[in-house]
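In what follows, a structure is listed as structure tokens, so that the remarks can point back to it.
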There are 2 protein chains.
Amino acid sequence: MHSIAVQSEEVFQALADETRLRIVRLMVVEAHESACLCELVDSLLEPSYKLSRHLAILRRAGLLASHKEGRWVYHRLVTKPTYLKQLYATVKALPDTSKIYRADLKRFRDRMRLREDGRCQVGIQSEAFRSETG
Amino acid sequence: MHSIAVQSEEVFQALADETRLRIVRLMVVEAHESACLCELVDSLLEPSYKLSRHLAILRRAGLLASHKEGRWVYHRLVTKPTYLKQLYATVKALPDTSKIYRADLKRFRDRMRLREDGRCQVGIQSEAFRSETG
DNA sequence: CTAATAGTTGCACTATAGTGCAACTATGCA
DNA sequence: TGCATAGTTGCACTATAGTGCAACTATTAG
């Protein structure tokens, strides 16, 4: 799973970008759960191409594992090596200095409620979420 | 001390560089101790202008606090907010994938032994340390 | 089969970050 | 006082990272 070949500073590089940190902040809330791209798109109000790219970086750094179910790719946090557990503890302890996180989290929780049978079925709903927080 | 104005991703940016991570890896060993630039120069075998720059970045991100004693500036880790404690726990748990850290640590320990009265008095000794590890 | 769409990626561009060289500032010693 | 040196920083440059647009691939529904 987690490749020993990943350079140590790469895990910090993975979180050194605002968007990627926003993604991981949402996912550490329920670290055993997964989220698909459209759920993240709706929560973060960021374009899918952008988030798809960032998810790839997180995956390459060993923080995310992904699996496909039909059209949907679900991403979950990798929690196995100790240092990743510690890293997520760091993320959880961060203050919300720019207030972005709280709004992200609310949208995320609302968005996850749209699941049916524990899976995302509705695709991207950004327009609805955008006007809610407008 | 630690400024509330620091952006969250900045603490990860601070460690997203190999050299800066090498610095912090040495300092977490004895988190209550401090080190001056020449001690780090000799341990990491990197030029002083480079390390001085990197130390400034770590300071700006809130990870380091510095104080001057005569010609020497001593730097120590800031441990106060919970997330920094967690961050250093992450650093401690990292594997030494590229084997650099072990050599750094040995030089660091050797170099700290050159202190007199708990203070660095000898200035930069890189040449001596370079041939030791040559 | 066609159309819609979740998700990915090429290309080109802009923005940001790291660093070598040289010079500077501050401190201590002879 | 002059010299040495710990430590810092300006300048110019190279390297790296993020992103918008457009196009692509894979899956599903009608």
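The structure displayed is predicted, hence computed values, not measured ones. So that the names make sense, note that chain A is the first sequence line, chain B the second, and so on, each numbered from 1. The basis for the numbers below is simple: all heavy atoms, side chains too, and nothing from hydrogens, waters or symmetry mates.
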*Where along residues 20-28 of chain B does a heavy atom fall under 4.0 Å from DNA chain C?*
B/Arg20

_Atom-pair distance (CD on A/Glu18; C1' on C/dA17), nearest Å_ = 18 Å

Please tabulate, one pair per line, each protein N/O and nucleotide N/O from nucleotides 2-4 of chain C that are separated by under 3.5 Å, including the distance.
unit_1 : atom_1 : unit_2  : atom_2 : d
C/dA4  : N3     : A/Arg71 : NH2    : 3.1

*asked:* Is there a side-chain contact between B/Tyr49 and the phosphate of C/dG20, meaning an N or O under 4.0 Å from OP1 or OP2?
replied: yes

*Rounded to the nearest Å, what distance is computed from the CD atom of residue B/Gln125 to the P atom of nucleotide D/dA4?*
17 Å

_Classify B/Leu55 by what it touches in the nucleic acid, base, sugar-phosphate, or nothing, heavy-atom distance under 4.0 Å._
nothing

*asked:* Treating A/Gln86 as the side-chain partner and B/Gln86 as the backbone partner, does any N or O pair qualify as donor plus acceptor under 3.5 Å?
replied: no

_Applying a strict under-4.5 Å side-chain criterion to I, L, V, M, F, W and Y, I'd like to know whether B/Tyr83 and B/Leu63 cluster together._
yes

*Output yes when B/Lys99 and B/Asp96 qualify as a salt bridge under the 4.0 Å nitrogen-oxygen rule, no when they do not.*
no

_Can you work out whether A/Glu69 or A/Gln13 has the more 5'-proximal nearest nucleotide on DNA chain D?_
A/Gln13

*asked:* Same cluster or not: A/Leu37 versus A/Leu105, using hydrophobic residues (I, L, V, M, F, W, Y) connected whenever any side-chain heavy atoms lie under 4.5 Å apart?
replied: yes

*CZ/B/Arg119: more than 12 non-hydrogen atoms of other groups inside 6.0 Å*: yes

*Calculate the interatomic distance between A/Lys50 atom NZ and C/dT8 atom C1'; express it in whole Å.*
17 Å

_Taking the minimum atom-to-atom distance to the side chain of A/Ser52, which one of C/dG7, D/dA6, D/dT8 wins?_
C/dG7

*Most 5' of A/Lys68 and A/Pro47 on DNA chain D, judged by nearest nucleotide*: A/Pro47

*Under the side chain to side chain contact (heavy atoms under 4.5 Å, CB included) rule, what do B/Leu94 and B/Leu21 come out as? Steps first, then yes or no, please.*
CA-CA 11 Å; B/Leu94 288 174; B/Leu21 183 54; 4.1 Å; yes

*Between B/His75 and D/dG7, does any side-chain N or O lie under 4.0 Å from OP1 or OP2?*
no

*asked:* Please report the distance, rounded to the nearest Å, between CD in B/Glu116 and P in C/dG28.
replied: 16 Å

*What residues, two or more places apart in sequence or in another chain, satisfy salt bridge (Lys or Arg N to Asp or Glu O under 4.0 Å) together with B/Arg102?*
none

*How close or far is atom C1' of C/dA17 from atom CD of B/Gln7, stated in whole angstroms?*
17 Å

*Would the number of heavy atoms belonging to other residues, nucleotides or ligands and lying under 6.0 Å from CZ of A/Arg109 be above 12?*
no

*Picking from C/dT19, C/dA17, C/dC11, which would you name as closest to the side chain of A/Arg53?*
C/dC11

*Round to a whole Å and report the spacing from NE2 of B/His54 to P of D/dG7.*
16 Å

*A/Glu9 side chain vs B/Asp17 backbone, donor-acceptor pair below 3.5 Å*: no

*Could you please name the option among C/dG20, D/dG7, C/dA6 that lies closest to any side-chain atom of B/Cys38?*
D/dG7

*Considering only side-chain heavy atoms of A/Ile57, which listed nucleotide, D/dC11, C/dG7, D/dG18, is closest?*
D/dG18

*Would you kindly check whether a donor in the side chain of B/Arg59 faces an acceptor in the base of D/dG7, or vice versa, at under 3.5 angstrom?*
no

*Starting at atom NE2 of A/His67, determine the distance to atom C1' of D/dA26, rounded to an integer number of angstrom.*
16 Å

*Mind checking whether A/Tyr74 and A/Leu77 sit in one hydrophobic cluster, side chains of I, L, V, M, F, W, Y counted as touching below 4.5 Å?*
no

*Over how many whole Å does the gap from B/Leu51 atom CG to C/dG18 atom C1' extend?*
13 Å

_What's B/Cys120 touching, base or sugar-phosphate or nothing? Going by heavy atoms closer than 4.0 Å._
nothing

_Measuring from the side chain of B/Asp17 (C-beta onward, heavy atoms only), which nucleotide among D/dA22, C/dG18, D/dT8 has the closest atom?_
C/dG18

